[in-house]
*Asks:* 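What follows is a single structure, and I will ask about it in a moment.
Remember, it's 1-based here, ligands and their atoms both numbered in the order they're listed. Remember, predicted model here, so these are calculated numbers, not experimental data.
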Amino acid sequence: MRRVYLDHSATTPVDPEVAAIMMTYYTEKYGNPSSVHGFGRETKQALEQARNQVAELIGAASREITFTSGGTEADNLAILGTAEALRKKGKHIITSCIEHHAVLETCEYLEKNGFDLTVIPVDEEGIISVDEVRKAIRPDTILITVMHANNEVGSIQPIAEIGKLAKEHGIVFHVDAVQSLGKIPINVEEMNVDLLTVSGHKIYGPKGVGALYVRKGVRIVPLIHGGGQERKRRSGTENMPGIIGFGKACELAGQRMADDAKKQIKLRDKLMNGIVERIEYVKVNGPVGEKRLPNNVNVSIRYVEGESLLLSLDMLGIAASSGSACTSGSLDPSHVLLGMGLIHEIAHGSLRFSLGRQNTEEEIDYVLEQLPKIVERLRMMSPLYDQVIHSKQS
Ligand SMILES: *Cc1c(COP(=O)(O)O)cnc(C)c1O
């Protein structure tokens, strides 16, 4: 059967070049980077090179990079680590209603434990207003945590402006950049970011590795205590193959970003416009043009359920998503789409296609050929759609 993978925001394949270099760190260069002998020194040097590769992609110094077990841990380290470090200074945290669960749930955990939380709404395109953030700031605000690009609708947030605001008020600013890394340029200096989360497996690197950028001088309390690795910020023997792979993936992403974006924007627009042209009662979710990630398509198709669409697509070998991978399996509609003002019924019929390096125009044609047929078949079974057709005719 034909297989078309359009779920790159959930995860990506490991680039063959990345996989090849990782392999040597399993079988040949297996030293512990904390060991003093030659085996250890060899891996220590490679560890620092990988740190440099990650730093370079985001405009940071390599000593500001702390490797973690992924984006989720980096988000937790940023938020819990700041809350712990600054709890005597204040107890107010600001976030947005479209954050990834790794941020939202962590903030809510703090709220249950004595912190105050303000959750900023977004507009109908899924973009946070800088003014709303400004209005939410209090004398006891210690942290603002906002994502760079949203994983469900691809909306890109005004990070530099929020960063400026945070700096003016002396508030620590954390950004989850897992979805934007390698897709659009990131510069922690220009964006005035203090803490920035990145992850390997969304950029053709391995799963189970990520990093937190911590600006020089910003204090966070570690979550994991032990041997004092990663400048005491994250103890535990380093996941060397993972870290090496992540570093390589960052290097490749830096080289390929412009080309990837150009190619994917073309496919994205072809898919998005094609769906709108071929299917009635469709709504595009998220912004159009420059405020949207190059690889994201998100549509609500009325009078059908997202889950049924996904299953039908899957039977034809097409992998898409109903929102975020983390919430699939639950029947609640996406908190992001609800936050953008969609009613439950419409949010339920939503599909996310996220493109990647290997997708081709022909694959998009295949989706555009199959999807309208699926929608038509599902709508035939929908009593709601039946009513619409009849009210149109009468
Ligand atoms: C995938 C993702 C995460 C979690 O990263 P993991 O490495 O899978 O733990 C966090 N934030 C965003 C926006 C993501 O898309």
*Asks:* Between Lys164 and Glu161 (salt bridge meaning N to carboxylate O under 4.0 Å), is one present in this structure?
*Replies:* no
*Asks:* Going by the atom numbers of ligand 1, which of them fall below 4.0 Å from some non-hydrogen atom of Lys202?
*Replies:* 1 (C), 2 (C), 3 (C), 14 (C), 15 (O)
*Asks:* Please identify which atoms of ligand 1 are closer than 4.0 Å to at least one heavy atom of Gln179.
*Replies:* 13 (C), 14 (C), 15 (O)
*Asks:* Report yes if Gly71 has an N/O atom closer than 3.5 Å to an N/O atom of ligand 1; otherwise report no.
*Replies:* yes
*Asks:* Mind checking whether Lys207 contacts ligand 1 via backbone (N, CA, C, O), side chain (CB onward), both or neither, at a 4.0 Å heavy-atom cut-off?
*Replies:*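 Neither; nothing of Lys207 gets under 4.0 Å from ligand 1.
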*Asks:* Do the side chains of Arg379 and Asp386 get close enough for a salt bridge, i.e. N-O under 4.0 angstrom?
*Replies:*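 Not counted as a salt bridge, because no side-chain N and carboxylate O are separated by less than 4.0 Å.
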*Asks:* Would Ser9 count as a polar contact of ligand 1, with the cut-off being nitrogen or oxygen pairs under 3.5 Å?
*Replies:* no
*Asks:* Can you sort out which atoms of ligand 1 are near Met147, meaning under 4.0 Å from one of its heavy atoms?
*Replies:*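 The list of qualifying atoms is 13 (C).
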*Asks:* In chain order, what residues pass the side-chain hydrogen bond (donor to acceptor under 3.5 Å, both in side chains) check against Asn359, with sequence neighbours excluded?
*Replies:*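 With neighbours one apart ignored, the set is Glu363.
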*Asks:* Should the pair Tyr303 and Tyr281 be assigned to parallel (<30°), tilted (30 to 60°) or perpendicular (>60°) ring geometry?
*Replies:*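 Rings of Tyr303 and Tyr281: perpendicular, as their planes differ by over 60°.
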*Asks:* Between Glu73 and ligand 1, is there a nitrogen or oxygen pair with a distance under 3.5 Å?
*Replies:* no
*Asks:* Taking only residues two or more places apart in sequence or in another chain, which ones pass ring-ring contact (aromatic ring centres under 6.0 Å, His included) with His148?
*Replies:* none
*Asks:* Testing Ile159, Val175, Asp176 for side-chain contact (heavy atoms from CB on, under 4.5 Å) with Leu196, which one passes?
*Replies:*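 For Leu196, the side-chain contact (heavy atoms from CB on, under 4.5 Å) check succeeds only for Val175.
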*Asks:* Once you restrict to heavy atoms under 4.0 Å, what part of Asp176 touches ligand 1? Side chain, backbone, both or neither.
*Replies:* side chain
*Asks:* Could you list the atoms of ligand 1 found under 4.0 angstrom from a heavy atom of Gly70?
*Replies:* 7 (O)
*Asks:* Near His201, which atoms of ligand 1 are under 4.0 Å from a heavy atom of that residue?
*Replies:* 6 (P), 7 (O), 8 (O)
*Asks:* Determine the sole option in Arg268, Arg352, Lys270 for which the side-chain contact (heavy atoms from CB on, under 4.5 Å) test with Val297 is passed.
*Replies:*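 The passing option is Arg268.
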